[in-house]
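Nothing here was measured: the structure is a model prediction, and the numbers come from that model. These values consider heavy atoms only, across backbone and side chains, with no hydrogens, waters or symmetry-generated copies.
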Amino acid sequence: MDTIISSWLLWLIIAAILIIIERLTSMIATFCLAAGCLIAMVCALLGGIEAQLIVAIISTVIAFILVQTRRGEGNISVQSFISL
């Protein structure tokens, strides 16, 4: 069966949509999801769908943990995470 769109491109499109939503709403949760999608995109170039989903979940959870640790410092923005 032919695939309509490659999985890495799908992850990239989802990440781009989430980043646009984050910029419009300033919700840091969508940034965490976008980070998980971008890391899953890299995994899509290397592995199967199961690995992509597992990597997306784990990297999103790690991003949320980083957000929680940075919340105590009072500086929660995308720019603060880019400086990491």
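Across I21, I19, I20, a single residue satisfies side chain to side chain contact (heavy atoms under 4.5 Å, CB included) together with T30, and that is I21. Of the candidates V42, L33, I39, S59 forms a side chain to side chain contact (heavy atoms under 4.5 Å, CB included) with just one, namely I39.
Nearest approach of T60 to G36, heavy atoms of both residues: OG1-CA, 3.4 Å. Closest non-hydrogen pair, W11 versus Q52, comes out as NE1-OE1, 2.7 Å. Taking every heavy atom of both residues into account, M27 and E22 meet most closely at O-CG, 3.1 Å. For M41 against W8, the heavy-atom pair with the smallest separation is CG-O, 3.3 Å. When all heavy atoms are compared, the tightest approach of A15 to C37 is CB-CB, 3.8 Å.
Hydrophobic clustering of Ile, Leu, Val, Met, Phe, Trp and Tyr side chains at less than 4.5 Å, counting indirect connections, unites I49 with L9. Side-chain heavy atoms closer than 4.5 Å link hydrophobic residues (I, L, V, M, F, W, Y) into clusters, and following such links, even through other members, never connects I13 to V55. Following chains of ILVMFWY side-chain contacts shorter than 4.5 Å, one can reach I62 starting from I54, so the two form part of one hydrophobic cluster. Put simply, I28 and V61 are part of two different groups of oily side chains (I, L, V, M, F, W, Y) that touch within less than 4.5 Å, one to the next. Cluster membership for V67 and F31, using ILVMFWY side-chain heavy atoms within less than 4.5 angstrom, is shared.
Looking at heavy atoms from C-beta onward, C43 lies out of side-chain contact with L46 at the 4.5 angstrom threshold. L38 places a side-chain heavy atom less than 4.5 Å from the side chain of L12.
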